[in-house]
Amino acid sequence: MTDQIRVRFAPAPTGYLHVGSARSALFNWLYARHTGGTFVLRIEDTNEELKQDEFIDAILEPLQWLGLDWDEGPHFQSERTHLYVAAIEQLVADGKAYFCNMSREQIDARCEADGLPSGYHGFSRDLGLPDSDDAVVRFRVPDSGTTVVDDSIRGRVEFENANLEDFVIRRSDGSPVFLVANAVDDADMGITHVVRGEDLLNTTPKVQLLWEALGYGPTPTYAHLPLLVNEARKKLSKRRDDVSLGEFREKGYLPQAMLNYLALLGWGPNDEVEIRPIEEIIAQFDLADINKGSAFFDTKKLDHINGEYIRMQSAEAFLADAEPYVSGADAPWPEANYSAEVFAALAPEVQTRVAVHSEAPNFVDWVFADEVSYDEKSWKKGIQKAKMVPEIFEGVIAKFETCDWTADTIKDAVFGVGEELGAKSQVPVRVAVTGRNFGIPLWDALEAMGREKTIGRIRSAQAQLDT
RNA sequence: GCCCCCAUCGUCCAGCGGCCUAGGACGCCUGCCUUUCACGCAGGUAACACGGGUUCAAAUCCCGUUGGGGGUGCCA
C-alpha cells in the first residue's frame, strides 16, 4: 500500500510532557486515525543527557493517560546512532560535508577580523581538514538555489540556500545532531507527513537538504502547527508557564476534556459543535483545515469544558474521581472526621458545581471540619447586610433543639422562622454554618452533620455578632 | 541585524468572492428558575489591524504598511 499515511510524534525527552507537545501528538494521532494511517512514536534522545528512563516515562505515561495510542514504537534514536553515523560518513565521502575544528570563539574572532557579520561563512569548507578529536562535521549548503518546503497548512515556503549556513551535523564528541537523525529516520520509517510545531519550520530546509544529499527521493509533506502561546502571546515554555500535563491530571482534569479542548486550538469543526466525542473529531479532522495563527492556551475555557465533562459523568464515576481529593490526609479537615457515606450522599450536588475534581473538598469542607472560619465577604453580605439576624439565630436554635433531625424538618424549621419574622433566613444560617454565602443545599448536609455541631456553629456565629 | 511565519469579538473557533446588517463557544452583563451558590433556560456586550489595488461584488484574491510571533547553538 503505497499511499498508506504514516505520521510520527517525535519528542525530545527533556522533562515532563507539556500541553504544546500533547497538542502536536494529538494532531498527529487525529490525522492517523482519520486516514486509517499509522501513528509512530519516536523518542529523540540523540543527546547523551536525554537518555534517561524517567524522562521516557514522562512522555509515555501522559500519552497513555490521554488515550493517544501509538501503532509503532517507541523507537529510540539512541539505539540507532550507527545509522546516523553511517549517513554522515557517506556525506563526507561524497564531499557533501567536511570537517571543521573552529570553536565558537574562533569563528566570532574571524568574523570580526574579516569585517563579516557574525556567522560561520564556510570558513573550513575547502581546507580539506582531517578528522580529529575536536572536529565537527559540517554540511556543505549549496551557495545558490532555493529549498522549498511543501506545507499543507502554510503552502509553499521558500528558503534561499544562500541564507543558510554550513550547519553542524556531527558534534565534536562524535554524536550526530537531530537534523541528521530526523532525515534518516523519517526516510527509514517511511514517514509521509511530518506534523509538528511551527518553531521547527526554519529547521526544515536543512533536513530537506540532507534528505536530498542522502538520495532519499521525495520528501514528506510537512504541516507546521500554529504555536500555543501564553497570555503575553509568547510560545509556551516549561520554565515560564504552568503547562505540565501531569499537573492538570493531578488537579482532576479529565483526559477526554483535555483532548477535546486541545483539538480546538488551531482547529475547529465547521458545524460549530465544540464539545463532542473524540470519534466525531476524528471524522471531521483534516490537516488542511488547521489555522495558521497562534492560539492562547486559555484555562478558563478548559475549565468550562472540563466542567461539562464532569457533569456528563455518571454519579459513580464522579464519586470515584472525586474520592482521592476528599478521603486522603490532604483534605482540609481531620482525616478521622471524613465519612465516605456522607460524601457519597452529597456528591451529586457537588458534581454540578465543580470545574475540576480537586475542587470537591471546597464544597464539603464545612461538613467534616471541626470549626469553620467565616469568609469575610460572605459575612458582610450574608450577615451584616441581612435583616433580623439575631432573631433568626434565636428562633432557629430554639427549633433545632427540639425538632426531629431530618433534612425536611431542618428545612421547615429554617424557613418557618423566616416566615414568622418576615425575613430571609436561609443565607444567615448558611453563613453561620458553612462560613460562606454559597454552596450545596444545606438540609441533607446538616442532617449528616448532626444537631449539636449545627447548633454549635450558630452559637459561635452569635458570639461573633456581639463583638 | 538576517531569515521565516502570522493577523476575524478580550479569548478560541466558523467563514475558502455574492447566502455577512459577519455565526458559534468561553468570559463578562441582564433576566427567568431558586429563600444560597451552581446547573439549566432566555437575552445582551464585543471583531474582519491599516492603506492601496483586482472584481459588477472582498473578511475572503494581490501588493504595501503597521503590529505580533518564531528561528538564527556542537538543544530538539
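Small disclaimer: the values here were computed from a predicted structure and weren't measured. Residue numbers begin at 1 in each chain, while the letters A, B, ... track the order of the sequences.
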Residue pair A:Ala213 / A:Phe139: nearest heavy atoms and the distance that separates them: CB-CE1, 3.7 Å

Minimum-distance nucleotide (side-chain atoms of A:Phe415 versus B:C26, B:C3, B:U35): B:U35

Gap in Å between the two C1' atoms, one belonging to B:C29 and one to B:U35, rounded: 24 Å

Listed nucleotide nearest any side-chain atom of A:Gln426, set B:U36, B:A14, B:G69: B:U36

Atom pair distance, as rounded to whole Å: NZ in A:Lys292 and C1' in B:C16: 10 Å

A:Arg233 side chain near B:C12 phosphate (N/O to OP1/OP2, under 4.0 Å): yes

Evaluation steps, ring pair (Phe, Tyr, Trp, His ring centres under 6.0 Å), between A:Trp70 and A:Phe9: CA-CA 9 Å; A:Trp70 52 93; A:Phe9 175 53; 9.5 Å; no

Residue-phosphate contact under 4.0 Å: A:Lys235 side-chain N/O, B:G71 OP1/OP2: yes

Check: A:Ala407 main-chain N/O paired with A:Glu447 side-chain donor or acceptor under 3.5 Å: yes

Any side-chain donor near an acceptor of the partner, A:Tyr222 and A:Asp150, under 3.5 Å: no

Whether A:Tyr31 and A:His193 hold their rings parallel, tilted or perpendicular, with breakpoints at 30° and 60°: perpendicular

Side chain A:Asp173, main chain A:Ser175, donor-acceptor under 3.5 Å: yes

Spacing between A:Asn362 atom CG and B:U36 atom P, to the nearest angstrom: 21 Å

Length of the line joining A:Ile305:CD1 and B:C13:P, which is rounded to integer Å: 12 Å

B:U11 to B:U30 separation - P atoms, rounded to the nearest Å: 23 Å

Shortest side-chain distance from A:Arg154, nucleotide among B:C5, B:C74, B:C12: B:C5

Nearest-neighbour nucleotide for the A:Asp199 side chain, B:C5, B:G69, B:G71 considered: B:G71

Interatomic distance, A:Asn260 CG vs B:C26 P [rounded to whole Å]: 13 Å

Proximity to the side chain of A:Arg171 - top-ranked nucleotide from B:A76, B:A14, B:G69: B:A76

Sub-3.5 Å pairs of nitrogen or oxygen atoms, protein against nucleotides 19-23 of chain B:
{"residue": "B:G23", "atom": "O2'", "partner": "A:Glu272", "partner atom": "OE1", "Å": "3.3"}
{"residue": "B:G23", "atom": "N2", "partner": "A:Glu272", "partner atom": "OE2", "Å": "3.0"}
{"residue": "B:G23", "atom": "N3", "partner": "A:Glu272", "partner atom": "OE2", "Å": "2.9"}

Presence of donor-acceptor pair under 3.5 Å, side chain of A:Ser172 and base of B:C74: yes

Euclidean distance for P, B:C5 against B:A38 (whole angstrom): 48 Å

Please list every donor-acceptor pair under 3.5 Å in which a side-chain atom of residues 381-399 of chain A meets a protein atom from a residue at least two apart or in another chain.
{"residue": "A:Glu394", "atom": "OE2", "partner": "A:Gln462", "partner atom": "NE2", "Å": "3.1"}
{"residue": "A:Lys399", "atom": "NZ", "partner": "A:Glu420", "partner atom": "OE2", "Å": "2.9"}

Selection from B:C12, B:U35, B:A76 that lies nearest to any side-chain heavy atom of A:Ser425: B:U35

Closest nucleotide among B:U11, B:A76, B:C16 to the A:Asp289 side chain: B:C16

Nucleotide paired to B:G40 in any strand shown, Watson-Crick or G-U, under 3.5 Å: B:C32

Full working for salt bridge (Lys or Arg N to Asp or Glu O under 4.0 Å) between A:Glu112 and A:Arg110: CA-CA 5 Å; A:Glu112 192 139 342; A:Arg110 174 76 179 272; over 6 Å; no

Sugar-phosphate only, base, or nothing, as touched by A:Gly266 at under 4.0 Å among non-hydrogen atoms: sugar-phosphate

Span that lies between the C1' atom of B:C9 and that of B:C20, in whole angstrom: 15 Å

Any A:Asn163 side-chain nitrogen or oxygen under 4.0 Å from OP1 or OP2 of B:G71: no

Table of protein N/O atoms under 3.5 Å from nucleotides 40-47 of chain B N/O atoms:
{"residue": "B:G40", "atom": "OP1", "partner": "A:Glu308", "partner atom": "OE2", "Å": "3.3"}

B:G40 versus B:U8 - spacing of their C1' atoms, nearest Å: 31 Å

Side chain of A:Phe438 - closest among B:U36, B:C74, B:C3: B:U36

Polar contact flag, side-chain donor to acceptor under 3.5 angstrom, A:Asp303-A:Tyr253: yes

Cation-pi check, A:Arg138 onto A:Tyr120 ring (under 6.0 Å, within 45° of axis): yes

A:Glu158: partners by side chain to side chain donor-acceptor pair (under 3.5 Å), with sequence neighbours left out: A:Arg156

Atom-to-atom span, CG of A:Asp166 to P of B:C74 - whole angstrom: 12 Å

No-H, no-angle donor-acceptor pair, A:Glu198 side chain to B:G71 base, under 3.5 Å: no

Pairwise C1' distance, B:G18 and B:A42 [rounded to whole Å]: 33 Å

Cation over ring face, A:Arg80 and A:Tyr84, 6.0 Å, 45°: no

A:Arg170 side chain near B:C74 phosphate (N/O to OP1/OP2, under 4.0 Å): no

Which atom of A:Leu164 lies closest to which atom of A:Pro205, heavy atoms considered: CD1-CB, 4.1 Å

Rounded P spacing from B:A59 to B:U54 in Å: 16 Å

Name the pairs: protein N/O against N/O of nucleotides 61-64 of chain B, kept only if under 3.5 Å.
none

Side chain A:Lys301 and base B:A25 donor-acceptor under 3.5 Å: yes

P gap between B:G10 and B:A22, integer Å: 15 Å

Row check, A:Tyr16 ring normal vs A:Lys238 NZ/CZ: under 6.0 Å, within 45°: yes

Face-to-face contact A:Phe296 to B:C12 six-ring, under 5.5 Å, under 30°: no

Nearest-Å distance for atom pair CG/C1', residues A:Leu116 and B:C2: 14 Å

Out of B:C3, B:A38, B:C13, whichever nucleotide has its closest atom nearest the side chain of A:Ala295: B:C13

Closest listed nucleotide, where the reference is the side chain of A:Val177 and the choices are B:A76, B:A14, B:G24: B:A76

Distance in angstrom units between A:Asn182 CG and B:C75 P, rounded: 15 Å

Distance-only check: which donor-acceptor pairs under 3.5 Å involve side-chain atoms of residues 344-353 of chain A, not counting sequence neighbours?
{"residue": "A:Glu349", "atom": "OE1", "partner": "A:Arg353", "partner atom": "NH1", "Å": "3.1"}
{"residue": "A:Gln351", "atom": "NE2", "partner": "A:Ile310", "partner atom": "O", "Å": "2.8"}
{"residue": "A:Gln351", "atom": "NE2", "partner": "A:Gln313", "partner atom": "O", "Å": "2.9"}
{"residue": "A:Thr352", "atom": "OG1", "partner": "A:Glu349", "partner atom": "O", "Å": "3.3"}
{"residue": "A:Arg353", "atom": "NH1", "partner": "A:Glu349", "partner atom": "O", "Å": "2.7"}

Separation of atom NZ in A:Lys411 from atom P in B:U35, rounded to whole Å: 7 Å

